[in-house]
Every structure is written in C-alpha cells, then in structure tokens.
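Throughout, a chain's letter reflects where its sequence line sits, starting with A, and its residues are numbered from 1. Remember, it's a predicted structure, so these values are computed and weren't measured experimentally.
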There are 2 protein chains.
Amino acid sequence: MAHSGPKNSHSLTLQARIQTAEELGRFLRQFRQSQNLSQADVIGLANTGNRFIVELEKGKPTVQLQKVLDVIDLLGLELVIQKKGTRP
Amino acid sequence: MAHSGPKNSHSLTLQARIQTAEELGRFLRQFRQSQNLSQADVIGLANTGNRFIVELEKGKPTVQLQKVLDVIDLLGLELVIQKKGTRP
DNA sequence: ATGATTTATTACCTCACGGTAATATTTTGA
DNA sequence: TCAAAATATTACCGTGAGGTAATAAATCAT
C-alpha cells in the first residue's frame with residue numbers, strides 16, 4: 001500500500017511528450033506518486049516484479065514495450081502517437 | 001530505397017491511441033508506407049538491423065523501448081502520454 | 001528518535017532480444 | 001511475365017531482461 005494522507009504537492013502535469021525512456025520513467029513515477037500509489041501497488045496490478053518497476057521509473061532504455069504499455073494502461077494513462085508538432 | 005511513384009493511397013491516420021505493441025506496429029508500418037519509405041530506409045537511419053524493424057511492425061511485444069522511441073522520432077512522429085480520455 | 005513503509009540493490013537463473021548475413025518469399029513496375 | 005526491389009525468415013550467437021527472494025537503504029509518520 002501507499003503511505004497515506006493528503007500529500008498531493010506539486011502541480012501534476014497532464015501531458016508530456018515522450019522521446020526517451022528517461023522522460024517516460026520520470027513521468028510515470030511522478031504520476032504514480034500523485035495518485036498516492038506505491039510501487040507495490042503497481043507491481044500487484046501489473047504482471048511484474050519490483051525490479052521492472054524500479055528500472056522503468058529509472059528510465060532504463062531496454063525495458064520491454066508491452067510491459068510498459070501495460071503499466072501505462074493500468075495507471076489510467078494512455079499513449080497517443082502523432083505527427084511531430086501536432087498542436088494540442 | 002522505396003519503390004517509387006505516387007502510390008499514396010488510403011487516408012493517413014494522423015493520430016492513434018496506442019495500447020498494444022501490435023497497434024503500434026500497424027501504425028508505424030502504415031505511416032512508413034505513406035511516406036514511401038522502405039524498411040531499408042528506416043534501418044539505415046536508425047541503429048538497427050532488418051530483424052528489429054520487421055518484428056516491430058509485426059507487433060512483437062518484447063521489443064526494447066528506446067529503439068522503438070528512436071524509430072518513432074526518426075519518422076517524424078512523437079508520443080504523448082496523458083490521462084485516459086483526455087479530449088483532443 | 002524509532003519503527004513502519006517504501007524503494008533500491010544484489011545474486012541467481014532462464015530465456016530470448018536483436019545484430020549479422022544468407023536465403024527465401026512476396027510485391028512491384030514496366 | 002519477369003526481373004528488380006522489398007519484405008520475411010533462418011541460423012548463429014553474445015548479451016542482457018527481468019522474475020524471485022533476500023537484504024539494504026531511504027523515507028515517512030507520529
């Protein structure tokens with residue numbers, strides 16, 4: 001379980017462009033924390049061990065695609081692919 | 001090289017939600033073709049062999065994240081991550 | 001401060017990613 | 001129809017992804 005309490009601090013970014021594994025890792029960690037979820041929560045829901053989550057959030061470049069997509073989905077997030085510079 | 005000529009047929013989707021490796025593969029292949037690029041073109045620009053591109057477009061779930069991101073970038077595409085159902 | 005919770009690291013291990021290069025198959029254009 | 005181009009498949013192979021389980025380190029709550 002996550003710890004507890006209203007510790008919802010910094011402004012939660014609702015969108016981010018992802019070019020690198022590191023950017024993705026940062027975003028996912030921040031988002032997970034903004035939802036007061038622990039890594040253990042994610043591990044429980046997804047099909048993974050702690051190692052994968054740690055490495056994903058750390059921005060490991062070689063994590064496997066579908067696992068990443070699973071985590072994203074399970075966090076209530078989605079990926080959109082589009083032509084570069086498509087305006088919001 | 002790609003073959004040639006104005007063979008720009010079916011309507012090119014400019015955005016897609018990506019939930020699975022297969023969806024991504026389909027999108028990337030379609031987009032590549034819409035640009036009249038061959039796999040060899042992509043292989044040349046990216047840092048990969050033919051095997052990776054074939055497998056990526058086929059929707060292999062275990063391809064490595066950063067390689068995928070590289071191909072996306074190099075095709076002039078980008079990924080956006082956002083809360084599910086964020087309206088365009 | 002201190003115990004509880006969360007996160008990170010490590011060792012062990014199996015399995016398969018993906019590069020290359022050769023070959024096969026499919027698709028395309030004239 | 002047929003040759004060229006594009007795509008797919010195969011074998012070979014080194015390297016590393018990631019599950020588990022144990023332990024360590026860091027963070028938090030009171």
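Within the 4.0 Å cut-off from OP1 or OP2 of D:dG19, at least one side-chain nitrogen or oxygen of A:K67 is found. One finds a side-chain N or O of B:R32 lying less than 4.0 angstrom from the OP1 or OP2 phosphate oxygen of D:dT7. Using a 4.0 Å cut-off, no side-chain N or O of A:T62 falls inside it from OP1 or OP2 of D:dG16. Contact between the side-chain N/O atoms of A:Q39 and the OP1/OP2 oxygens of C:dA8 is found at a separation under 4.0 Å. For C:dC12, the OP1/OP2 oxygens have no side-chain nitrogen or oxygen of A:R51 closer than 4.0 Å.
Separating the CG atom of B:N47 from the C1' atom of C:dG19 is a distance of 10 Å, rounded to the nearest angstrom. Between the CD atom of B:E57 and the C1' atom of D:dA8 there is a distance of 11 Å, given to the nearest Å. Atom CG of A:L37 is separated from atom P of C:dT5 by 17 Å (rounded to the nearest Å). When the C1' atom of C:dT7 is taken as reference, atom CD of A:E55 falls 13 Å away, rounded to whole Å. What separates CG of A:N36 from P of D:dC28 is a distance of 12 Å, to the nearest Å. Atom CD in A:Q66 sits about 13 Å away from atom P in D:dG18, given to the nearest Å. Rounded to a whole Å, the CD1 atom of B:I43 is 11 Å from the C1' atom of D:dA8. Rounded to whole Å, the distance from NZ on A:K58 to C1' on C:dT10 is 11 Å.
Comparing B:I53 and B:Q64 along DNA chain D, the residue whose closest nucleotide (by nearest heavy atom) sits nearer the 5' end is B:I53. Sequence order on DNA chain C of the closest nucleotides to B:N50 and B:K60 puts B:K60 first from the 5' end.
Summarising the geometry of A:L75 relative to A:F31, their closest heavy-atom pair is O-CE2, 3.2 Å, with the distance given to 0.1 Å.
Considering CG of A:D41 and CD1 of A:I43, their distance stands at 9.0 Å, rounded to 0.5 Å.
A:E78 CD: more than 12 foreign heavy atoms inside a 6.0 Å radius.
At least one side-chain heavy atom of B:F52 sits less than 4.5 Å from a side-chain heavy atom of B:V68. Contact of the B:R29 side chain with the B:Q39 side chain is registered, since non-hydrogen atoms from C-beta on lie closer than 4.5 Å.
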